[in-house]
Colleague: 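Structure below; questions to follow.
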Amino acid sequence: MRHTLPIAPQFYVTAPQPCPYLEGRMERKLFTALQGEDAAQLNDCLSQQGFRRSQNVLYRPACADCAACMSARINVAAFRPDKSQRRTTRRNAALTRRVKSSWATDEQYALFGDYLKARHADGGMADMDVFEFAAMVEETPIRSRLIEYCDPGERDELVGVSLTDILEDGLSMVYSFYAPDRPNASLGTYMILDHVEIAREAGLPYVYLGYWVPGSPKMGYKARFSGLEVYRNGTWAMLGDRGQCGADTQSPPATPIAEQVACIQLPARHKGA
């Protein structure tokens, strides 16, 4: 008997676990495998519907009693840097950018370890070994790049890395990390600003930043970027008044899972499969 992969993606839901962003809440994720010759097309399509990639899986929050997590992207045409962001760009003007294939190195892993110890020592990735790090970087069925930022001094020191997917409508910053001993450099902000410039030069309209969670200190920095759009209730819309949105932590219950799956739009090849 021959077994073949289903043409239509199969969606699943994770078991509830403590939310890493809002204390006292539980999270679940809706996910599907990213595989096969149409992986890039599926990734493009679902990214436009609030999904994110982790290795060869696409996922989106699907919590039973909360809809606070919203996928966020910068509309490149609408983005205007503020004074602080312009200072950040000038402060890091000497850094060099290197674009590489998604192949992990010891130097990247060492920087990754320093970053986690300083910024996320109690997070779920804190115990990630070199093989798990390599899998995170290298297990990608789509067009991904590692964008490195280096200080061109005597040691040409690696100070920042972004694992970035190239989508049909933008750049998706899958995971970024940077030297924690340069707090005044605002390297995390700088890498986002540089991705906006890369997208602008490439004629791509968006930079996808992952999820924005009002009320979560870990995610508050994303609301500081003008031109930010969030995906909510099945559509993308400008964030608007950032001061008001920051207090929006009492989200209504999410749409039931079956209804969420029924509303997902699939690429043409998968429709009706």
Side-chain angles (χ1 to χ4, degrees), residues 20-21 23 52 54-55 72 74 79 81-138 140 144-165 171-199 207-213 215-226 228 246:
Y21 305 120
E23 187 176 356
R52 293 283 289 170
S54 177
Q55 295 174 236
I74 296 174
F79 173 74
D82 60 22
K83 290 183 179 180
S84 176
Q85 291 164 348
R86 290 196 293 270
R87 285 196 299 269
T88 295
T89 297
R90 292 193 296 269
R91 194 179 298 127
N92 292 282
L95 298 184
T96 58
R97 179 207 302 156
R98 300 190 302 219
V99 181
K100 296 186 171 183
S101 59
S102 50
W103 189 257
T105 66
D106 291 338
E107 186 180 23
Q108 294 163 5
Y109 180 64
L111 180 61
F112 175 74
D114 291 342
Y115 171 78
L116 289 182
K117 288 177 185 177
R119 301 294 297 269
H120 303 286
D122 59 346
M125 303 175 75
D127 297 328
M128 186 179 289
D129 62 28
V130 66
F131 301 105
E132 292 168 323
F133 173 76
M136 179 182 77
V137 170
E138 298 172 10
T140 170
S144 302
R145 295 292 183 269
L146 283 169
I147 301 182
E148 296 184 339
Y149 297 89
C150 300
D151 185 338
E154 292 183 5
R155 296 184 298 145
D156 195 27
E157 180 185 4
L158 180 68
V159 298
V161 178
S162 176
L163 174 60
T164 301
D165 288 348
L171 304 175
S172 177
M173 300 181 72
V174 176
Y175 194 80
S176 301
F177 52 95
Y178 48 87
D181 57 353
R182 298 183 176 212
N184 295 329
S186 301
L187 288 169
T189 295
Y190 175 70
M191 289 194 289
I192 294 174
L193 294 171
D194 190 60
H195 274 67
V196 171
E197 289 308 306
I198 296 172
V207 174
Y208 288 81
L209 300 182
Y211 294 104
W212 177 66
V213 187
S216 170
K218 294 181 180 179
M219 296 295 176
Y221 70 92
K222 296 178 184 180
R224 294 197 293 268
F225 290 87
S226 66
L228 193 74

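Throughout, numbering of the chain's residues begins at 1 and tracks the sequence.
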Colleague: Using ring-ring contact (aromatic ring centres under 6.0 Å, His included) as the criterion, list what pairs up with Tyr21, not counting sequence neighbours.
Modeller: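 Tyr21 satisfies ring-ring contact (aromatic ring centres under 6.0 Å, His included) with no residue once adjacent residues are dropped.
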
Colleague: Just jot down the side chain to side chain contact (heavy atoms under 4.5 Å, CB included) partners of Ala199, sequence neighbours excluded, or say none.
Modeller: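 Val76, Leu171, Leu204, Val207.
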
Colleague: Looking at residues at least two apart in the chain, or sitting in another chain, which of them share a ring-ring contact (aromatic ring centres under 6.0 Å, His included) with Tyr149?
Modeller: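 Checked Tyr149 against ring-ring contact (aromatic ring centres under 6.0 Å, His included); matches are Tyr190.
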
Colleague: Sequence neighbours left out, what passes salt bridge (charged side-chain N to carboxylate O under 4.0 Å, His left out) with Arg91? Give chain and number order.
Modeller: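 Expected list: none.
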
Colleague: Parallel, tilted or perpendicular: which one describes the rings of Tyr109 and Phe133, with boundaries at 30° and 60°?
Modeller: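 Aromatic pair Tyr109/Phe133 classed tilted.
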
Colleague: Please list, chain by chain and in numerical order, all residues satisfying salt bridge (charged side-chain N to carboxylate O under 4.0 Å, His left out) with Asp156, sequence neighbours excluded.
Modeller: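 Partners of Asp156 by the salt bridge (charged side-chain N to carboxylate O under 4.0 Å, His left out) criterion, ordered by chain and then number, come out as Arg98.
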
Colleague: Going by the rule salt bridge (charged side-chain N to carboxylate O under 4.0 Å, His left out), which residues pair with Arg155 if we only count those two or more places apart in sequence or in a different chain?
Modeller: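 Applying salt bridge (charged side-chain N to carboxylate O under 4.0 Å, His left out) to Arg155 gives Glu157.
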
Colleague: List the residues meeting side chain to side chain contact (heavy atoms under 4.5 Å, CB included) with Ser84, not counting sequence neighbours, and say none if there are none.
Modeller: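 Asp82, Arg87.
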
Colleague: By side chain to side chain contact (heavy atoms under 4.5 Å, CB included), which residues pair with Pro180, not counting sequence neighbours?
Modeller: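 Only Asp114, Ala118 meet the side chain to side chain contact (heavy atoms under 4.5 Å, CB included) criterion with Pro180.
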
Colleague: Apply side chain to side chain donor-acceptor pair (under 3.5 Å) to Ser176 and list each qualifying residue two or more places apart in sequence or on a separate chain.
Modeller: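 With neighbours one apart ignored, the set is Ser162.
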
Colleague: List the residues meeting side chain to side chain donor-acceptor pair (under 3.5 Å) with Thr140, not counting sequence neighbours, and say none if there are none.
Modeller: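 Per chain and number, Thr140 pairs via side chain to side chain donor-acceptor pair (under 3.5 Å) with Ser144.
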
Colleague: Who pairs with Tyr211 by ring-ring contact (aromatic ring centres under 6.0 Å, His included), at least two apart in sequence or on another chain?
Modeller: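 Tyr211: no ring-ring contact (aromatic ring centres under 6.0 Å, His included) contacts found.
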
Colleague: Kindly write out the residues that satisfy side chain to side chain contact (heavy atoms under 4.5 Å, CB included) with Thr105, not counting sequence neighbours, or none if the list is empty.
Modeller: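 Side chain to side chain contact (heavy atoms under 4.5 Å, CB included) check on Thr105 returns Glu107, Gln108.
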
